[in-house]
J.: 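Sharing a structure below in structure tokens format, with a few things to ask.
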Amino acid sequence: MSSASSTYGEVRHDWSRQQVLDLFALPFNDLLFTAQMVHRQHFDANRVQVSTLCSIKTGACPEDCTYCPQSARYDTGLEREKLMKVEKVLEEARAAKASGATRFCMGAAWRSPKNKDMPYVTQMVKEVKALGMETCMTLGMLSDEQAKGLAEAGLDYYNHNLDTSPEYYGDIITTRTYEDRLNTLANVRAAGMKVCAGGIIGLGEEEKDRAGLLMQLANLSEHPESVPINMLVKVAGTPLENNEDLDPFEFIRCIAVARIMMPKSHVRLSAGRESMNDEMQSLAFLAGANSIFYGEKLLTTGNPEANEDMQLFKRLGIKPEEYQQYEDESAVEAELQAKISEQESDPFFYDAAKA
């Protein structure tokens, strides 16, 4: 292993490309063992955070993201829909909560929201928060003022993926720059919201690009609290519809490396789950994935039904992570200390930092 092995489990922001490539090069069993041990330092290994994603505005996006069926540039047969009314969004949120989701994510196919749209989306945030759920939105690029407005409405998370490495990015998207994406993440962080940022595996990238993506995320001044790792869903009509299938073990490697590099982040097993069998999903959880989207649709692509996820959870002994709201920081500290004590008493607990 590289000299970085002694720091596994610690939060770092100084990863080199070679150190990340060294992780990818580990024997598969060694990589998963390391990722699982890091995971147990910071999380209950048998809890998974459960979210539901609702498309509040579908299709007609002016961007040219080559993987996306929502782009107006591609004929994918997707029916365009206008911005959903607030009450309809609330119906979806109530249903999601009833089926066990603790976080409700709302996505709109925009390059960036127009100012006339902001009162509607901020109202959605306030109403969903009132249901006792965490809130997340993905609306495209945000100005600093728009980010502040969402934060004032109470938005917990904002999702804006980097998609791939800076070097490969131009092969996937030309209508916005990598710097545009980083600027939005900076605006979100400055406004006080939590960051949800990850990427897509299977775009035709090489391993060095997967390393570059994770290095960009892990070397941000603060790690994203949520890191979705998506597997490309090939949609007819998009430029990537005939991409070669991704080796499942390469996807699991990416999950494991993300867990090691961002030990305190939730790593989300996201798009592409419908094509994964139970064994592959189980390996992803072993590699450190501890968040999923579930429900009928993931924006515009299929996603496993909620009852199938719960059946798999039961077989694996996994339970949904609970959403807890605290009145003050002392309560948060007490809860964290309790979890740490519980983990240290676990016979399978391994402190990689002391190894």
J.: Please step through side-chain contact (heavy atoms from CB on, under 4.5 Å) for the pair Leu269 and Ile229, ending with a clear verdict.
T.: CA-CA 6 Å; Leu269 185 59; Ile229 304 296; over 6 Å; no
J.: Of all heavy-atom pairs between Cys54 and Phe104, which one has the smallest distance, and what is that distance?
T.: CB-CZ, 3.4 Å
J.: Regarding Thr177 and Asp180, do their side chains bring together a donor and an acceptor under 3.5 Å, going by distance alone?
T.: yes
J.: For residues 225-253, which residue pairs pass the ring-ring contact (aromatic ring centres under 6.0 Å, His included) check, not counting sequence neighbours?
T.: Phe28-Phe249
J.: Just one of Ile252, Asn277, Asp278 clears the side chain to side chain contact (heavy atoms under 4.5 Å, CB included) bar with Leu283, so which one?
T.: Ile252
J.: Is it the case that the side chains of His266 and Glu321 hold a donor-acceptor pair, with the cut-off being a distance below 3.5 Å and no angle test?
T.: yes
J.: Verify side-chain contact (heavy atoms from CB on, under 4.5 Å) between Leu185 and Tyr158, making sure each step is shown before the conclusion.
T.: CA-CA 8 Å; Leu185 295 183; Tyr158 192 80; 6.0 Å; no
J.: Report the residues that fulfil ring-ring contact (aromatic ring centres under 6.0 Å, His included) with Tyr168, sequence neighbours left out, ordered by chain and then residue number.
T.: none
J.: Using the test salt bridge (charged side-chain N to carboxylate O under 4.0 Å, His left out), find all partners of Arg47 that sit at least two apart in sequence or belong to another chain.
T.: none
J.: Check side chain to side chain donor-acceptor pair (under 3.5 Å) between Asp245 and all other residues, then give those that pass, not counting sequence neighbours.
T.: Lys234
J.: Following the transitive rule for hydrophobic clusters with a side-chain heavy-atom cut-off under 4.5 Å over Ile, Leu, Val, Met, Phe, Trp and Tyr, establish whether Met276 and Tyr67 coincide in one cluster.
T.: yes
J.: I'd like to know if the side chain of Asp209 pairs up with that of Thr164 as donor and acceptor (distance under 3.5 Å, no hydrogens or angles considered).
T.: no
J.: By the definition side chain to side chain contact (heavy atoms under 4.5 Å, CB included), identify the one residue from Ile255, Asn290, Val48 that meets it with Phe285.
T.: Val48
J.: Name the orientation class of the two ring planes belonging to Tyr178 and Tyr169 (parallel below 30°, tilted from 30 to 60°, perpendicular beyond 60°).
T.: perpendicular
J.: Take Lys148 and Glu152 through the salt bridge (charged side-chain N to carboxylate O under 4.0 Å, His left out) test and state the conclusion after the steps.
T.: CA-CA 6 Å; Lys148 289 175 184 175; Glu152 289 170 0; over 6 Å; no
J.: Does the side chain of Thr34 come under 3.5 Å of the side chain of Gln36 through a donor N or O and an acceptor N or O?
T.: no
J.: Looking at Asp156 and Lys129, does any basic side-chain N land under 4.0 Å from a carboxylate oxygen?
T.: yes
J.: Which heavy atom in Val38 sits nearest to a heavy atom in Pro263, and how many Å separate them?
T.: CG1-CB, 3.6 Å
J.: Give a yes-or-no answer on whether the side chains of Arg12 and Gln19 include a donor-acceptor pair shorter than 3.5 Å.
T.: yes
J.: Would you mind listing every side-chain hydrogen bond (donor to acceptor under 3.5 Å, both in side chains) that reaches into residues 190-206, with sequence neighbours excluded?
T.: Glu205-Arg210
J.: Please identify which of these residues, Lys88, Glu87, Glu92, meets the side chain to side chain contact (heavy atoms under 4.5 Å, CB included) condition with Leu90.
T.: Glu87
J.: Can you give me the closest heavy-atom contact between Leu162 and Leu217, atom names plus distance?
T.: CD1-CD2, 3.7 Å
J.: Do Leu214 and Leu246 belong to the same hydrophobic cluster, where Ile, Leu, Val, Met, Phe, Trp and Tyr are linked whenever their side-chain heavy atoms lie under 4.5 Å apart, directly or via other members?
T.: yes
J.: Tell me whether Met141 is reachable from Leu150 by hopping between hydrophobic residues (I, L, V, M, F, W, Y) whose side-chain heavy atoms are closer than 4.5 Å.
T.: no
J.: Applying salt bridge (charged side-chain N to carboxylate O under 4.0 Å, His left out), which residue pairs with at least one partner in residues 166-175 are found, sequence neighbours left out?
T.: Arg17-Glu167
J.: Identify the residue among Met137, Met133, Arg94, Glu134 that makes a side chain to side chain contact (heavy atoms under 4.5 Å, CB included) with Val128.
T.: Met133
